[in-house]
Chemist: 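Take this structure first; my questions come after.
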Amino acid sequence: MIRAVKGTRDILPPSSSVWNHVEAVARAVFRSYNYQEIRTPIFEETQLFLRGVGEETDIVTKEMYTFPDRGGESLTLRPENTASVIRAYIEHRLDQLPGLQKLYYIGPMFRRERPQKGRYRQFSQIGAEAIGSPSAMVDAEVIEMVAEVLTRCGLTGFSIDVNSVGCPACRPKFIEALRQRLESVAPQMCGDCQRRATTNPLRVLDCKVPEDQPIIDALPSIHEHLCADCAGHFELVKTLLSDRAIPYEVKPRLVRGLDYYTRTTFEFTHGALGAQNSILGGGRYDGLAEQLGSKVPAPGIGFSIGEDRLVMSIEETQPDTARPVLDLFLAPLGPAAVRHCAALAYDLRKKNTVVEVGADGRLKRVMETANKLAARYVLIVGENEMNAGAYALKDMASGEQTTVTREQLLARF
RNA sequence: GCGGUGUUAGCUCAGCCGGUAGAGCGCCUGAUUGUGGUUCAGGAUGUCACGGGUUCGAAUCCCGUACACCGCCCCA
């Protein structure tokens with residue numbers, strides 16, 4: 001038997017309707033903030049991600065689906081979408097358009113990691129990018145917007161963590177201070193941290209080993225090293241979030257894994273997800289466009305929601321959300337009624353009524369089928385009904401049966 | 001990429017120390033002629049994940065592979 005490849009999966013009903021719901025909610029919220037959809041290719045030149053995501057990141061060093069095209073060019077299945085959006089922004093000179101560019105996307109991403117619950121090799125992200133402004137106003141609006149998406153999806157119990165990772169002016173100084181301090185304390189820490197102390201000092205802050213926590217708490221904080229501009233920016237973001245009564249927590253240790261982040265970073269987590277508790281992540285990337293060859297600066301901020309994880313949280317939190325509606329089930333008795341029902345269904349469906357036509361057979365059997373499909377009403381169409389010009393309409397919930405003419409039926413459904 | 005647990009009917013699982021498989025749910029059929037949800041009776045379905053080994057004999061023991069899940073790394 002041929003099975004779906006490792007780390008990929010089929011989204012079947014009724015789960016697929018939850019996916020559709022989530023996407024519809026996101027589109028509606030994005031629209032209300034005046035975002036418009038962008039669709040970029042699912043694969044790009046490998047070079048885009050090397051430069052955009054960062055050569056030293058885990059994504060680039062060990063997780064990309066990279067393959068040579070038949071012409072010899074190296075292509076890569078997109079591991080994330082921000083780099084592609086910025087590439088499109090530059091390529092199509094969107095900086096020449098008036099105002100901020102506010103773009104959203106929904107689609108599959110690919111990372112070759114060891115699969116786990118909530119972690120797949122093909123997964124879907126719902127994301128948005130606001131490009132063209134360095135203002136803290138935009139940061140706060142983006143965080144507000146994504147919180148609104150989760151809330152309107154019916155999700156509760158998520159928490160919002162924010163931080164500032166500084167800018168090219170102040171972050172290197174912080175990293176240097178961190179490195180120096182780690183020289184003395186790292187030997188007392190876990191093996192991973194001893195390694196990180198030299199390879200990636202920022203990662204030490206993310207360590208979850210309980211014994212290391214007191215040591216980490218005593219390490220220098222990024223906030224002591226932010227330059228005046230970065231500190232002011234972060235203060236304003238926090239003030240604006242408070243103005244909106246959005247509950248957030250400052251996590252000085254929140255370090256994101258992509259190289260392009262500057263200043264504001266944020267992450268939403270949810271307890272129902274297990275080890276992969278991050279439901280969405282995002283941040284500001286003021287230097288990314290220039291890194292990708294833009295001649296003009298294009299400061300931006302964005303996020304991406306892990307759609308698989310969002311759907312999973314919703315399904316675990318509220319299990320009975322996905323229930324498709326079947327308005328009317330037509331039960332034909334005899335070949336003539338089958339033709340009659342087909343024509344009737346055609347007219348009803350033009351009005352977007354959800355209609356199913358049963359197979360000809362014993363009424364008992366047809367009723368059983370209608371019941372299993374959870375039909376609201378069943379319309380019985382046999383010789384008697386066709387001769388009389390009136391159908392028997394049964395309310396499946398109450399069991400009551402009434403008589404309706406074709407006109408009455410079309411007016412009602 | 002590293003470590004661990006698991007893989008038996010469509011689903012959830014049982015199967016003790018090796019003697020070639022079961023339950024519940026679901027599905028199908030019937031309880032006479034045009035009426036569901038309850039009840040009753042009957043029925044179908046598994047190369048016991050795959051490959052190899054030990055054995056007279058393996059779902060049951062051993063090894064390998066695949067996949068899923070848990071933890072690590074990292075992230076969505």
Side-chain angles (χ1 to χ4, degrees), chain A residues 1-9 12 53 56-63 78-82 106-127 146 190-193 195-196 199-200 202-203 206-209 254-258 261 265-270 273-282 302-313 329 331-334 337 358 360-386 391-401:
Chain A
M1 181 174 55
I2 298 176
R3 301 166 38 101
V5 309
K6 181 186 178 120
T8 70
R9 60 197 183 131
L12 305 172
V53 177
E56 301 306 315
T57 58
D58 279 13
I59 289 178
V60 167
T61 56
K62 52 187 200 194
E63 295 171 7
R78 62 184 186 190
E80 58 105 53
N81 207 28
T82 300
I106 299 173
M109 308 295 158
F110 305 85
R111 264 127 87 158
R112 200 183 180 288
E113 289 187 89
R114 177 93 157 235
Q116 227 174 90
K117 187 181 184 188
R119 168 148 75 208
Y120 306 99
R121 290 183 169 183
Q122 174 177 335
F123 58 101
S124 182
Q125 290 190 330
I126 300 175
V146 71
C190 70
D192 283 330
C193 282
R195 180 177 47 78
R196 295 184 190 118
T199 58
N200 192 348
L202 286 178
R203 280 274 153 234
D206 242 3
C207 178
K208 277 135 199 138
V209 178
L254 175 60
V255 190
R256 312 247 75 240
L258 283 64
Y261 285 118
T265 57
F266 55 94
E267 181 174 53
F268 288 33
T269 56
H270 196 280
L273 290 168
Q276 276 65 48
N277 68 346
S278 172
I279 199 164
L280 103 232
F303 63 82
S304 67
I305 302 170
E307 190 175 2
D308 304 73
R309 293 179 184 179
L310 175 55
V311 168
M312 192 184 306
S313 310
F329 190 96
L333 299 169
D360 186 21
R362 295 176 50 194
L363 220 212
K364 178 182 170 63
R365 180 103 17 256
V366 181
M367 291 300 288
E368 278 172 2
T369 304
N371 187 54
K372 280 169 193 161
L373 295 179
R376 296 255 171 89
Y377 292 88
V378 172
L379 192 77
I380 298 165
V381 183
E383 290 293 322
N384 303 342
E385 285 75 14
M386 288 189 291
Y391 311 110
L393 179 67
K394 180 163 189 173
D395 181 330
M396 293 298 275
S398 67
E400 287 171 26
Q401 194 163 309

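Given the structure is predicted, the values throughout are model-derived calculations rather than measurements. Chain letters run A, B, ... following the sequence lines, proteins first and then strands; every chain starts at 1.
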Chemist: At under 4.0 Å, does any side-chain N or O of A:Q401 touch on OP1 or OP2 of B:U35?
Modeler: no
Chemist: Between A:F266 (CZ) and B:A76 (C1'), how many Å, whole number?
Modeler: 13 Å
Chemist: Testing the basics here: between A:I106 and A:S124, what is the closest heavy-atom pair and its distance to 0.1 Å?
Modeler: CG2-OG, 4.5 Å
Chemist: Go along nucleotides 37-46 of chain B 5' to 3' and tag each nucleotide: B for a protein heavy atom under 4.0 Å from its base, S when only backbone or sugar atoms are that close, - otherwise.
Modeler: B---------
Chemist: Between the protein and nucleotides 2-8 of chain B, list the N/O to N/O atom pairs that are separated by less than 3.5 angstrom.
Modeler:
from: B:C2; atom 1: N4; to: A:R114; atom 2: NH1; distance (Å): 3.2
from: B:G3; atom 1: O6; to: A:R114; atom 2: NH2; distance (Å): 3.0

Chemist: What is the base-pairing partner of B:C69, counting Watson-Crick and G-U wobble geometry with both distances under 3.5 Å?
Modeler: B:G4
Chemist: How would you list, by chain and number, every residue that makes a side chain to side chain donor-acceptor pair (under 3.5 Å) with A:E368, sequence neighbours excluded?
Modeler: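 Applying side chain to side chain donor-acceptor pair (under 3.5 Å) to A:E368 gives A:R365.
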Chemist: With a 4.0 Å limit, can you tell me whether A:K6 has a side-chain N or O closer than that to the phosphate oxygens OP1/OP2 of B:C67?
Modeler: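 Result: yes.
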Chemist: For A:I59, is there any backbone N or O sitting under 3.5 Å from a side-chain donor or acceptor partner on A:R111?
Modeler: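 Such a contact is absent between A:R111 side chain and A:I59 backbone.
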Chemist: Taking pairing as Watson-Crick or G-U wobble with both contacts under 3.5 Å, can you name the mate of B:G18, or confirm there isn't one?
Modeler: none
Chemist: Can you list everything that forms a ring-ring contact (aromatic ring centres under 6.0 Å, His included) with A:F268? Sequence neighbours excluded, please.
Modeler: A:F158
Chemist: Provide the Watson-Crick or G-U wobble partner of B:C74, both distances under 3.5 Å; none if there is no partner.
Modeler: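 Paired with no nucleotide.
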Chemist: Side chain of A:R121, backbone of A:E113: donor and acceptor closer than 3.5 Å?
Modeler: yes
Chemist: Only counting residues at least two apart or in another chain, list the ones meeting side chain to side chain donor-acceptor pair (under 3.5 Å) with A:T269.
Modeler: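 Applying side chain to side chain donor-acceptor pair (under 3.5 Å) to A:T269 gives A:S159.
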Chemist: Relative to the 5' end of RNA chain B, which residue comes earlier, A:A392 or A:R3, by the nucleotide with the nearest heavy atom?
Modeler: A:A392
Chemist: A:L333 and A:L363: which non-hydrogen atoms are nearest, and at how many Å?
Modeler: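 Minimum heavy-atom separation between A:L333 and A:L363: CD2-CG, 3.9 Å.
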Chemist: Taking CZ from A:R119 and P from B:C73, how many angstroms apart are they, rounded to a whole number?
Modeler: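 Checked: the CZ to P distance equals 10 Å.
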Chemist: By side chain to side chain donor-acceptor pair (under 3.5 Å), which residues pair with A:E80, not counting sequence neighbours?
Modeler: A:Y260
Chemist: In whole Å, measure the gap between the C1' atoms of B:G15 and B:G46 for me.
Modeler: 15 Å
Chemist: Going by purine N1 to pyrimidine N3 plus the second Watson-Crick contact, or the G-U wobble pair, all under 3.5 Å, which nucleotide sits opposite B:C50?
Modeler: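 Paired with B:C50, as far as the under-3.5 Å criterion goes, is B:G64.
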Chemist: It should be established whether A:R9 places a side-chain nitrogen or oxygen under 4.0 Å from OP1 or OP2 of nucleotide B:C67.
Modeler: no
Chemist: Now, which nucleotide makes the Watson-Crick or G-U wobble pair with B:U45, with each of the two distances under 3.5 Å?
Modeler: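 Here B:U45 is not engaged in any pair, so there is no nucleotide opposite it.
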Chemist: Taking the P atom in each of B:G64 and B:G22, what is the distance between them to the nearest angstrom?
Modeler: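 Straight-line distance between the two P atoms is 32 Å.
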Chemist: So what does A:E385 hit on the nucleic acid, given a heavy-atom distance under 4.0 Å: a base, only sugar-phosphate, or nothing?
Modeler: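 Base contact - A:E385 has a heavy atom under 4.0 Å of at least one base atom.
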Chemist: Suppose we define a pair by two distances each less than 3.5 Å, Watson-Crick or G-U wobble; what does B:C40 pair with here?
Modeler: B:G30
Chemist: Given the C1' atoms of B:A14 and B:G6, what is the spacing between them in whole Å?
Modeler: 16 Å
